[in-house]
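In what follows, a structure is listed as structure tokens, so that the remarks can point back to it.
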Amino acid sequence: MSRTRKPLALRPDPGGPPLGTAMVLAAGLGKRMRPLTATRPKPLVSVAGRTLLDHTLDRLRAAGVARVVVNVHYLADALEAHIRNRVKGIDVVFSDEREQLLETGGGLKKALPLLPEDPILSVNSDNLWVDGPSDTLRMLAAQWDDARMDALLLLVPLARAHCHVGVGDFHMDPAGRISRRRPGKVAPFVFTGIQLISHRLFADAPDGPFSTNLLWDRAIAGGRAFGFVHQGLWFDVGTPPAIRKTEAMLANR
């Protein structure tokens with residue numbers, strides 16, 4: 001579906017530290033998006049006339065991010081070619097996982113030498129969000145408190161997690177600390193794929209593939225994992241039917 005690209009609206013500045021570098025997790029196999037991912041990596045699937053990766057980079061650029069680290073594995077040549085030929089206005093470097101897919105936590109650990117800033121802004125490339133009253137990424141950064149936090153996750157209420165199939169991921173107390181969904185229960189918040197995470201959590205992290213769940217569990221156990229609720233729209237664009245639903249909602253907003 002082709003649509004005219006609309007410029008991102010200027011939003012009030014929520015303050016907070018500048019966002020110089022971000023990590024975009026783009027190495028996954030995209031199994032749920034088959035057959036579209038038989039010939040392209042999932043970040044290059046188009047939604048409303050732009051690839052998922054381009055939507056993500058648009059919002060990073062709008063938030064003032066100047067440099068992005070993108071990890072690559074599945075159909076890595078196509079992803080790198082798209083970035084080199086199509087992406088402008090933001091510096092992109094690659095973290096190469098061609099030899100071994102490292103999952104989310106392992107991918108972040110491998111890229112640490114390219115991510116000097118603390119905390120690290122990490123964004124999944126398979127979701128799409130629309131800002132609320134202010135820039136989402138800057139609002140998240142403004143909530144970071146290094147004295148209390150090792151992880152700060154952008155969450156969306158389960159009722160507003162468009163195209164998402166699940167029963168929620170986290171509970172959140174009045175102070176913003178998060179805890180896991182209890183077995184057999186529904187949790188009110190879903191992780192959006194956007195987070196700030198401290199280098200501290202990678203101390204003694206394993207080599208090779210592992211999930212960021214390991215890092216979150218460390219932060220939760222120490223009472224240092226927090227959530228912040230997204231105030232705009234969010235879409236879990238994980239399957240071909242989700243593309244049509246997302247495009248319809250974006251067209252009618």
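Because only heavy atoms are used, hydrogens play no part in the values below, and waters and symmetry mates are left out as well, while side chains stay in. As the structure is a prediction and not an experimental result, all values here were calculated from the model.
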Taking the basic N atoms (NZ, or NE/NH1/NH2) and the acidic carboxylate oxygens, is any pair closer than 4.0 Å for [X] and [Y]?
X	Y	value
Asp207	Lys109	yes
Arg32	Asp236	yes
Arg67	Glu117	no
Asp169	Arg180	no
Lys110	Asp96	no

Quiz item: Quick one: CG on Leu140 to CG on Leu154, what's the gap to the nearest 0.5 Å?
Solution: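 It comes to 5.5 Å.
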Would a distance-only check, ignoring hydrogens and angles, find a side-chain to backbone donor-acceptor pair under 3.5 Å from [X] to [Y]?
X	Y	value
His199	Leu115	yes
Arg181	Lys185	yes
Glu97	Val72	no
Arg218	Phe202	no
Ser125	Leu25	yes
Thr56	Leu52	yes
His162	Thr246	no
Arg224	Asp146	yes
Asp150	Ala219	no
Asp173	Ala175	yes

Is the closest side-chain heavy-atom distance between [X] and [Y] below 4.5 Å?
X	Y	answer
Phe94	Asn71	no
Met33	Ile243	yes
Arg160	Trp234	no

Do [X] and [Y] sit in one hydrophobic cluster, given that two such residues count as connected whenever their side-chain heavy atoms are within less than 4.5 Å of each other, even indirectly?
X	Y	value
Met149	Val123	yes
Leu121	Leu153	no
Phe228	Leu215	no

Quiz prompt | Residue pair Arg182 / His171: nearest heavy atoms and the distance that separates them | solution =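 Nearest pair, atom of Arg182 first, then His171: NH2-CE1, 3.5 Å.
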Quiz item: Under the side chain to side chain contact (heavy atoms under 4.5 Å, CB included) criterion, do Val229 and Phe189 qualify, and how do the steps go?
Solution: CA-CA 8 Å; Val229 179; Phe189 295 104; 3.7 Å; yes
Practice problem: Go through the steps for Val87 and Asp54 under the test side chain to side chain contact (heavy atoms under 4.5 Å, CB included), then give the verdict. | Solution: CA-CA 8 Å; Val87 173; Asp54 289 335; 4.0 Å; yes
Quiz item: When the ring planes of Phe191 and Trp216 are compared, do they come out parallel, tilted or perpendicular, using 30° and 60° as the limits?
Solution: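 Answer is perpendicular, since the angle exceeds 60°.
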Quiz prompt | salt bridge (charged side-chain N to carboxylate O under 4.0 Å, His left out) between Arg98 and Asp77, intermediate numbers included | solution = CA-CA 10 Å; Arg98 284 175 173 86; Asp77 290 349; 2.7 Å; yes
